[in-house]
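Every value quoted in this text rests on a predicted model; they were computed, and no experiment measured them. In the text below, chain A, chain B and the rest are named by the order of the sequence lines, each starting its count at 1. Note: hydrogens, waters and symmetry copies are ignored here, and every other heavy atom, side chains too, is used.
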There are 2 protein chains.
Amino acid sequence: MYNYMKRNSRLSVALHVLLHMAEQADKALTSDVLASWAATNPVVIRRTFAGLRDAGIVGSTKGHGGGWTLLKPLDAVSLADIQAALDEPLLALGKAEESPGCLVELAVNAALDDAVAEARRLLDERLSKITLADLAAQIGPRRVVLQAAGCKDPHHEP
Amino acid sequence: MYNYMKRNSRLSVALHVLLHMAEQADKALTSDVLASWAATNPVVIRRTFAGLRDAGIVGSTKGHGGGWTLLKPLDAVSLADIQAALDEPLLALGKAEESPGCLVELAVNAALDDAVAEARRLLDERLSKITLADLAAQIGPRRVVLQAAGCKDPHHEP
DNA sequence: TTTCATGTAATTATACATGTTACGTGATGG
DNA sequence: CCATCACGTAACATGTATAATTACATGAAA
């Protein structure tokens, strides 16, 4: 009966962690390590990354030395890919189905759905043009600059 | 620390009620009546419509025979106007401010904010081109057709 | 002055996402 | 093999945002 816009910290968390992973490429990293980067819980990481694994963006291995690894080069993964891999989100504006027979409600929903769908298309198109490599490129240089200026690396480990 | 996408039943409720008001133009309608149309509580109507009143879209009078009235012609009120009049809304994607010093987080937020801001601009532009009159025009003819076909008016009153 | 209706503050209820705990499964290494 | 490690999930707890409700104040009309 109601329409909710879903929350979204998933995308933010996923991007954050993926970029940090890129800095330690090829090492299998445990959920605990990733969780500490995102200041969250290992289980949350496993839940969030399940979608990314299904999409082939990351892989996971069990047992000793196991963990998560990036499977694709940074420039082959767009923000839209990640967004799509995380089950459901951004710009949802579910339809209210109260008064199911009401013509007014139908017209209102149709108009709103159209407008939101178009906005969502635009957003998706935008996100599909930004890759993890783009974000990494923004970060790399600045970190060097900051470190040269005497700032310590603003990472998360103790 | 979290970013939420706000719910949005306000806009849907407001549109629904405004269009029904248009059908009974010039009569002051009480919050109770409006609430019954939207299947919600009178207080919710008063809260929601407070913004519309401040924006000059509707007016309210107290006491006997009081209630709410539409102050503008239907073609002078766009969905964007209504959206803006309801305090806060559509397509928010608040920023996560966890790890405030983290460059990764900063880059992620910047990219996301840009994309969402553009989507929001598009949506607002779209909504500004749809007026209440447009929606009413979609409804009127169909109602006649349905009634001619023997369907009873799908309204909300008992 | 009684009644009606809005205006708000304060409280409660609901929905949903994240956080947490617990336990199952498979892989590795001694 | 068997103990350990790490993911995979289900079940439950917590947090937060919003709507729904209650209660009472304010002002207008009969």
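Taking for each of A/G63 and A/A50 the nucleotide of DNA chain D with the nearest heavy atom, the 5'-most of the two is the partner of A/G63.
Put simply, B/T30 has no side-chain N or O that comes within less than 4.0 Å of OP1 or OP2 on C/dA5. Within the 4.0 Å cut-off from OP1 or OP2 of C/dG19, at least one side-chain nitrogen or oxygen of A/T40 is found. A close approach under 4.0 Å does occur between a side-chain nitrogen or oxygen of A/S31 and OP1 or OP2 of D/dC7.
The residues A/R121 and A/E125 are annotated as not salt-bridged, no charged nitrogen and carboxylate oxygen being separated by less than 4.0 angstrom.
With rounding to whole Å, A/I45 atom CD1 is found 14 Å from C/dT20 atom C1'. Atom-to-atom, CZ of A/F49 to P of D/dC7 comes out at 11 Å; the value is rounded to the nearest Å. Look at NZ on A/K27: it is 12 Å from P on D/dA6, rounded to the nearest Å. A straight line from CG of A/L11 to P of C/dA17 spans 15 Å, rounded to a whole angstrom. Summarising the geometry, the separation between CG on B/L86 and P on D/dA19 is reported as 10 Å, rounded to the nearest angstrom. A straight line from CZ of A/R53 to P of D/dA6 spans 17 Å, rounded to a whole angstrom. A/L34 places its CG atom 12 Å from the P atom of D/dG8, with the value rounded to the nearest Å.
Here the CG-CD1 distance, from B/D81 to B/I57, works out to 5.5 Å after rounding to the nearest 0.5 Å.
A/V13 places none of its side-chain heavy atoms less than 4.5 Å from the side chain of A/H16. The side-chain heavy atoms of B/L34 and B/F49, taken from C-beta on, include a pair separated by under 4.5 Å.
In this structure, the nucleotide among C/dT8, D/dC7, C/dT20 sitting nearest to the side chain of A/S60 is D/dC7. Nearest to the side chain of B/K62, among D/dA28, D/dG8, D/dA19, sits D/dA28. Listed nucleotides C/dT18, D/dT21, C/dT6 differ in distance to B/N41; the shortest reach to its side chain belongs to D/dT21. Distance from the side chain of A/H64 is smallest for D/dT4 among the nucleotides C/dA9, D/dT4, D/dA30. The side chain of A/R46 approaches D/dC7 more closely than any other nucleotide in the set D/dC7, C/dT6, D/dC5. Nearest to the side-chain atoms of B/V43 among the listed nucleotides C/dT8, D/dC7, D/dA28 stands C/dT8.
At a cut-off of 3.5 angstrom, counting only N and O atoms as typed in the model, there is a donor on one side and an acceptor on the other between the side-chain of A/R47 and the base of C/dG19.
In this structure, B/W37 and B/H20 have tilted ring planes: the angle between them lies in the 30° to 60° band.
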